[in-house]
Amino acid sequence: QVQLVESGGGLVQAGGSLRLSCVVSGGTFASFGMGWFRQAPGKEREFVATIDWTGSNAYYSDSVKGRLTISRDNAKTTVYLQMNSLKPEDTAVYYCAADRLGSTERTINAYDYWGQGTQVTVSS
């Protein structure tokens, strides 16, 4: 059974940084495409970033481009989201997700497995 466990969330001031981690177990991590999504209170879950199985291709939503960076370490079966220059509007629960097909995907339905989420709160 594939499990995803996020960590690294917390409270940070605007302009600060956080690094989220997502450890994947029970599957062939090296073949998975990975994504990060977020959901703010009262809003729908939205795409943040995605990286393919090779780690060579990554895409971002316009709202985070240039501030957030997705990366992966296949040896550690972990995907990361480095978050810099954080803004109050980045406040949300952040979820990682895995796609068995290994590609970069921006849509929720493309992903097969999800973590439970980690809270990120950015104060102004």
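Keep in mind that the numbers below use all heavy atoms, side chains included, and drop hydrogens, waters and symmetry copies.
- Using a cut-off of 4.0 Å between Lys/Arg side-chain N and Asp/Glu carboxylate O, Lys65 and Asp62 are scored as salt-bridged.
- With a 4.5 Å cut-off on side-chain heavy atoms, Val24 and Gln3 do not count as touching.
- Put simply, OG1 on Thr104 and OH on Tyr60 are 11.5 Å apart, with the number rounded to the nearest 0.5 Å.
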Side chain to side chain contact (heavy atoms under 4.5 Å, CB included) between Trp36 and Leu20, worked out: CA-CA 10 Å; Trp36 285 97; Leu20 306 184; 3.7 Å; yes

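- Proximity of a side-chain donor or acceptor of Arg72 to a complementary backbone N or O of Asp52 within less than 3.5 Å is detected.
- A donor-acceptor contact shorter than 3.5 Å links the side chain of Glu6 to the backbone of Gly117.
- You'll find the side chain of Phe47 stays beyond 4.5 Å of the side chain of Thr107, heavy atoms only.
- Environment of CD in Gln116: sparse, with no more than 12 heavy atoms of neighbouring residues, nucleotides or ligands closer than 6.0 Å.
- The line from OH of Tyr113 to SG of Cys96 is 13.5 Å long, rounded to the nearest 0.5 Å.
- No continuous path of ILVMFWY side-chain contacts below 4.5 Å connects Phe32 to Tyr111, so the two sit in separate hydrophobic clusters.
- Across every non-hydrogen atom of Arg67 and Ser85, the tightest pair is NH1-O, 3.0 Å.
- Residues Thr77 and Val23 form a side-chain contact, since some pair of their non-hydrogen atoms from C-beta on lies under 4.5 Å apart.
- Taking the side chain as every heavy atom from C-beta outward, Lys43 and Arg38 never approach each other to under 4.5 Å.
- Residues Leu4 and Trp114 fail the side-chain proximity criterion, which asks for heavy atoms closer than 4.5 Å.
- Looking at every heavy atom in both residues, Gly27 comes nearest to Val2 through CA-CG2, 3.9 Å.
- The distance from the CG atom of Leu81 to the CG atom of Leu18 is 9.5 Å, given to the nearest 0.5 Å.
- Under a 3.5 Å cut-off, the side chain of Thr50 and the backbone N or O of Met34 do form a donor-acceptor pair.
- Tyr80 is linked by a ring pair (Phe, Tyr, Trp, His ring centres under 6.0 Å) to nothing, counting only residues two or more places apart in sequence or in another chain.
- Checked by atom type and distance alone, the side chain of Asp73 pairs as donor or acceptor with a backbone atom of Lys76 at under 3.5 Å.
- Using a 4.5 Å heavy-atom threshold, the side chains of Glu46 and Phe37 count as separate.
- Looking at Ile51 and Tyr59, their side chains never come closer than 4.5 Å, going by heavy atoms from C-beta outward.
- Annotation: cation-pi geometry satisfied between Arg45 and Tyr95 (NZ/CZ under 6.0 angstrom from ring centroid, within 45° of ring axis).
- Under a 3.5 Å cut-off, the side chain of Asp112 and the backbone N or O of Arg100 do form a donor-acceptor pair.
- The line from CE of Met83 to CG of Leu68 is 4.5 Å long, rounded to the nearest 0.5 Å.
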Worked check of side chain to side chain donor-acceptor pair (under 3.5 Å) between Thr91 and Glu89: CA-CA 5 Å; Thr91 296; Glu89 51 263 43; over 6 Å; no

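- With hydrogens and angles disregarded, a donor-acceptor distance shorter than 3.5 Å links the side chain of Thr54 to the backbone of Ser56.
- Scanning all heavy atoms of the two residues, the minimum distance from Phe29 to Asn74 falls at CE2-OD1, 3.0 Å.
- Pairing each heavy atom of Ser124 with each of Ala14, the nearest pair is CA-CB, 4.4 Å.
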